[in-house]
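Report on the structure given below.
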Amino acid sequence: MMEDNIAIRLKGFMEEMGLTNSQFADQCGIPRPSLSQILTGRNKKISDVIVGQIHAAFPRLSVLWLLFGEGEMLIPLPGADSSDEEFPNLFSESVKKPTRESEFDKYSTLASLNEGKNMGSSRMNSGIQADLKNSELQREIEKMRKNPRKVVQITVYYDDSTFETFYPGK
């Protein structure tokens with residue numbers, strides 16, 4: 001069931017970014033059939049290599065959110081809030097310490113001050129949209145948990161052109 005949740009979250013991210021399956025696969029360097037198999041549930045596991053390729057192509061996509069549904073879909077840009085620590089790249093060999101800028105350097109011109117005012121409202125709007133998208137995805141996951149798919153019959157075809165049908169639970 002958890003793999004289905006990853007597929008739902010991945011579909012939600014692609015929809016949020018406005019990407020088709022082909023565009024997403026090409027940007028990540030993932031073979032298109034592999035992505036299709038992940039999204040349809042045919043491949044029940046997602047490898048760490050594929051997760052790494054997705055993260056390399058879309059570093060703002062939260063790996064924790066993708067794999068476990070924890071936190072927000074998108075990692076805030078460094079410096080976008082008053083947080084003291086930069087979000088590390090989980091797949092890099094070394095994590096760099098963030099550098100501190102003085103307030104004077106950040107806001108040295110009037111243009112950058114005005115830009116900062118506009119960024120605050122757009123960040124708030126994008127945060128609200130991300131929250132709505134996240135809650136919509138959570139509802140879809142809960143719906144799948146309540147109504148899981150069940151196997152109703154299994155048909156086995158033999159090489160002598162005969163077949164046999166099995167019904168689980170009977």
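In this chain, numbering begins with 1 at the start of the sequence shown. Please read these numbers as outputs of a predicted model, since none were measured by experiment.
- Counting only heavy atoms from C-beta outward, the side chains of V152 and Y167 never approach each other to under 4.5 Å.
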Start with the C-alpha gap between M73 and R60, add the side-chain angles, then the distance that decides, and say whether side-chain contact (heavy atoms from CB on, under 4.5 Å) holds.
CA-CA 8 Å; M73 177 191 303; R60 286 201 56 217; over 6 Å; no
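- Take S36 and apply the side chain to side chain contact (heavy atoms under 4.5 Å, CB included) test, not counting sequence neighbours, and it matches T40.
- Neither side chain, E164 nor Y157, offers a donor N or O lying under 3.5 Å from an acceptor on the other.
- The number of heavy atoms from other shown groups lying within 6.0 Å of CZ (F163) does not exceed 12.
- Going from atom CD of E70 over to atom CG of L64 covers 6.0 Å, rounded to the nearest 0.5 Å.
- Residue W65 forms a side chain to side chain contact (heavy atoms under 4.5 Å, CB included) with just one option from L74, I75, N134, and that option is N134.
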Name each donor-acceptor pair under 3.5 Å that joins a side chain in residues 18-25 to protein atoms two or more places apart or in another chain, with its distance.
from : atom 1 : to  : atom 2 : distance (Å)
T20  : OG1    : Q23 : N      : 3.1
T20  : OG1    : Q23 : OE1    : 3.4
Q23  : OE1    : T20 : N      : 2.9

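- The side chain to side chain contact (heavy atoms under 4.5 Å, CB included) test with I54 is passed by exactly one of V49, L61, L35: L61.
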Step by step, would you call V63 with V51 a side-chain contact (heavy atoms from CB on, under 4.5 Å)?
CA-CA 8 Å; V63 175; V51 172; 3.9 Å; yes
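- Across all non-hydrogen atoms, the minimal contact from Q53 to G29 is NE2-O, 3.0 Å.
- Identified under the salt bridge (Lys or Arg N to Asp or Glu O under 4.0 Å) test for residues 17-43, with sequence neighbours left out: D26-R32.
- In this structure, R9 CZ and K133 NZ are separated by 13.5 Å, a value rounded to the nearest 0.5 Å.
- The two residues Q138 and G69 come nearest to each other via the heavy atoms NE2-O, 4.1 Å.
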Let's go through H55 and L66 carefully: what are the C-alpha distance in whole Å and the side-chain angles of both, what is the deciding distance for side-chain contact (heavy atoms from CB on, under 4.5 Å) to 0.1 Å, and is it a yes or a no?
CA-CA 10 Å; H55 184 69; L66 179 63; over 6 Å; no
